[in-house]
Amino acid sequence: MEGWDPNTKSTLTQIPLLTTKAGPRDGAVWTQRLKEEYKALIAYTQMNKSNDNDWFRISAANPEGTRWTGKCWYVHNLLKYEFDLQFDIPVTYPSTAPELELPQLDGKTQKMYRGGKICLTVHFKPLWAKNCPRFGIAHALCLGLAPWLAAEVPILVDSGMIKHKDDATTSNES
């Protein structure tokens, strides 16, 4: 955690670390891992809300907990930009981090792969590998998606690649 800003360090230390090393193919042990994932997500969400930093909603889209969907948002110039968020848990999880997808932004930035998968290879994947199996979904959102949104959304807005929903409505009406 050397070189990290104090806010990131503080946030990360408050997200519970996971102990169960299990993936979707591991039956009952995967169920235990999912319970840990939910506990970490709940703790992270509560912490964000208490710090007035609420920025995502996700839930498992299937009973197995292998597909997740939701929304994430970023406030830039006092305007809220909201995006669909989705990802699948890889069969090699937790050794492999989930690939977080923002389908609405597909093709709008170079820091994204086909299908709207955000680029996390250079900074996040080595960190994930070093902390496997202690990191989970909440950690991927905190250390992967949050900094990506903070870096990319302002550039996308300033370049005109994305418009605020109110601007899009106004231009459609004229």
Side-chain angles (χ1 to χ4, degrees), residues 1-15 37 40-41 43-61 66-90 93-132 135-172:
M1 286 198 256
E2 288 178 30
W4 290 12
D5 69 277
N7 190 33
T8 302
K9 262 189 204 179
S10 171
T11 300
L12 187 60
T13 59
Q14 293 178 58
I15 300 173
E37 294 280 3
L41 281 165
Y44 184 39
T45 302
Q46 287 174 337
M47 176 184 37
N48 284 339
K49 285 183 178 186
S50 69
N51 293 329
D52 197 26
N53 189 28
D54 192 26
W55 63 275
F56 71 89
R57 294 274 180 280
I58 62 166
S59 61
T66 57
R67 176 92 178 135
W68 293 73
T69 58
K71 298 272 186 193
C72 63
W73 51 91
Y74 186 81
V75 176
H76 177 65
N77 292 337
L78 302 177
L79 296 173
K80 180 179 173 182
Y81 295 86
E82 188 172 275
F83 310 102
D84 292 331
L85 168 64
Q86 62 189 32
F87 58 92
D88 293 310
I89 299 294
Y93 188 82
S95 297
T96 304
E99 293 183 317
L100 306 174
E101 301 172 40
L102 303 173
Q104 293 153 295
L105 299 181
D106 187 18
K108 295 190 179 202
T109 173
Q110 293 177 347
K111 295 184 181 163
M112 183 168 274
Y113 301 114
R114 186 175 299 167
K117 294 178 180 169
I118 67 172
C119 177
L120 296 173
T121 52
V122 176
H123 304 289
F124 179 70
K125 292 218 176 175
L127 187 61
W128 181 275
K130 181 180 175 184
N131 289 283
C132 173
F135 276 8
I137 295 167
H139 300 88
L141 296 173
C142 175
L143 297 172
L145 183 59
W148 190 94
L149 288 170
E152 291 300 308
V153 170
I155 293 169
L156 291 169
V157 171
D158 293 345
S159 68
M161 291 299 288
I162 59 174
K163 303 245 183 260
H164 188 263
K165 62 183 175 188
D166 292 344
D167 290 345
T169 306
T170 305
S171 64
N172 288 343

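From a predicted model like this one, the values you see are computed outputs, not experimental measurements.
When the options Ile155, Thr109, Leu156 are evaluated for a side-chain contact (heavy atoms from CB on, under 4.5 Å) with Met161, the one that passes is Leu156.
To the nearest 0.5 Å, the span separating OG1 on Thr69 from CG on Asp88 amounts to 10.5 Å. Rounding to the nearest 0.5 Å gives a distance of 3.5 Å between OH of Tyr113 and SG of Cys119. Remark: Ile118 CD1 to Asp106 CG distance equals 13.0 Å, nearest 0.5 Å. Atom OG1 of Thr96 is separated from atom CH2 of Trp128 by 9.5 Å, given to the nearest 0.5 angstrom. Here CD1 of Ile58 is found 9.5 Å from CG of Leu145. Values are rounded to the nearest 0.5 Å. Separating the CG atom in Asn48 from the CG atom in Asp54 is a distance of 6.5 Å, to the nearest 0.5 Å.
Smallest separation of non-hydrogen atoms from Ala140 and Phe124: CA-CZ, 3.6 Å. The heavy-atom pair separating Trp68 from Ala60 by the smallest distance is CE3-N, 3.4 Å. The two residues Pro147 and Gly144 have their closest heavy-atom pair at CD-O, 3.5 Å. The two residues Pro98 and Pro90 come nearest to each other via the heavy atoms CA-CD, 3.9 Å. Nearest heavy-atom pair, Tyr93 versus Gly136, reported as atom, atom and distance to 0.1 Å: OH-CA, 3.4 Å.
Using a distance-only test at 3.5 Å, with no hydrogens or angles considered, a donor-acceptor pair links the side chain of Trp148 to the main chain of Lys111.
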Please evaluate residues Ile137 and Ile89 with respect to the criterion side chain to side chain contact (heavy atoms under 4.5 Å, CB included), reporting the C-alpha separation (whole Å), side-chain torsions for both, the decisive distance (0.1 Å), and the verdict.
CA-CA 9 Å; Ile137 295 167; Ile89 299 294; 3.9 Å; yes
Output, in order, the C-alpha distance, side-chain angles, deciding distance and verdict of side chain to side chain contact (heavy atoms under 4.5 Å, CB included) for Leu141 and Leu41.
CA-CA 9 Å; Leu141 296 173; Leu41 281 165; 3.9 Å; yes
Between Lys117 and Leu100, is a side chain to side chain contact (heavy atoms under 4.5 Å, CB included) present by the stated rule, with each step listed?
CA-CA 6 Å; Lys117 294 178 180 169; Leu100 306 174; over 6 Å; no
Mind running side chain to side chain contact (heavy atoms under 4.5 Å, CB included) on Trp73 and Arg57 for me, showing each step along the way?
CA-CA 9 Å; Trp73 51 91; Arg57 294 274 180 280; 3.9 Å; yes
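Residues Asp158 and His76 are in side-chain contact: their nearest non-hydrogen atoms beyond the backbone lie under 4.5 Å apart. Lys108 places a side-chain heavy atom less than 4.5 Å from the side chain of Ile162. Annotation: side chain of Val75 is not in contact with side chain of Trp55 (no heavy-atom distance under 4.5 Å). At least one side-chain heavy atom of Leu102 sits less than 4.5 Å from a side-chain heavy atom of Leu85.
The aromatic rings of His164 and Tyr81 sit perpendicular to each other, their planes meeting at more than 60°, with 30° as the lower class boundary.
A side-chain donor-acceptor contact under 3.5 Å links Ser10 and Gln14.
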